[in-house]
Amino acid sequence: DEYPRTDSQRASGWLKLTVSDTRPEMLDRQVSAEKLVPIVLDHLRKNPGCSKRSLRSLPGDNNLIEAAFDIACRSGRAHFEEPAGKGKPGKCYHI
């Protein structure tokens, strides 16, 4: 039920389904990464211009941390500045 039964309310009898073409494990990964976005943004606020390597020092799975940064970039809350040259690190910013 969309609204489960409580002591004062009967169950609505409706079922809410969400259709996705994404595999369940990918959805789980995305949800886990989205939970890390605030931690990544906080790090970027405190360390403007940091490298992606410094993001890997945050607690959590490195792949999820990078995915959280990518989510923040796609949503316009962070920005990645490409490296100035070969062997130099790129820079990460909070917007």
Open item on the list: Before you tell me yes or no, could you show the steps for L36 and F69 under side-chain contact (heavy atoms from CB on, under 4.5 Å), namely the whole-Å CA-CA distance, both residues' side-chain angles and the distance that decides it to 0.1 Å?
Closed with: CA-CA 9 Å; L36 294 172; F69 177 69; over 6 Å; no
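Cluster partners of L27 are absent, since no Ile, Leu, Val, Met, Phe, Trp or Tyr has side-chain heavy atoms less than 4.5 Å from it.
Atom NZ of K52 has more than 12 heavy atoms from other residues, nucleotides or ligands within 6.0 Å.
Looking at residues two or more places apart in sequence or on another chain, you find no salt bridge (Lys or Arg N to Asp or Glu O under 4.0 Å) involving D70. For H43, the side-chain contact (heavy atoms from CB on, under 4.5 Å) test picks out N47, C50, S54, L55, L58, with sequence neighbours left out.
Considering D42, L41, V40 as possible partners of H94, the one that fulfils the side-chain contact (heavy atoms from CB on, under 4.5 Å) test is L41.
Of all heavy-atom pairs between A67 and A33, the closest is CB-CB, 3.7 Å. Between P59 and I65, the shortest heavy-atom distance links the atoms O-CD1, 3.7 Å. Counting all heavy atoms, side chain and backbone alike, L64 lies closest to S32 at CD1-CB, 3.9 Å.
Applying the salt bridge (Lys or Arg N to Asp or Glu O under 4.0 Å) rule to pairs touching residues 26-41 yields nothing, sequence neighbours excluded. Legend: side chain to side chain donor-acceptor pair (under 3.5 Å) pairs involving residues 59-68, not counting sequence neighbours, sorted by first then second residue: R56-E66. Each salt bridge (Lys or Arg N to Asp or Glu O under 4.0 Å) pair with one or both residues in residues 74-90, not counting sequence neighbours, would appear here, but there are none.
Atoms SG and NE2, on C73 and H79 in that order, are 8.0 Å from each other to the nearest 0.5 Å.
Put simply, the side chain of F80 does not reach to within 4.5 Å of the side chain of Y93, judged on heavy atoms.
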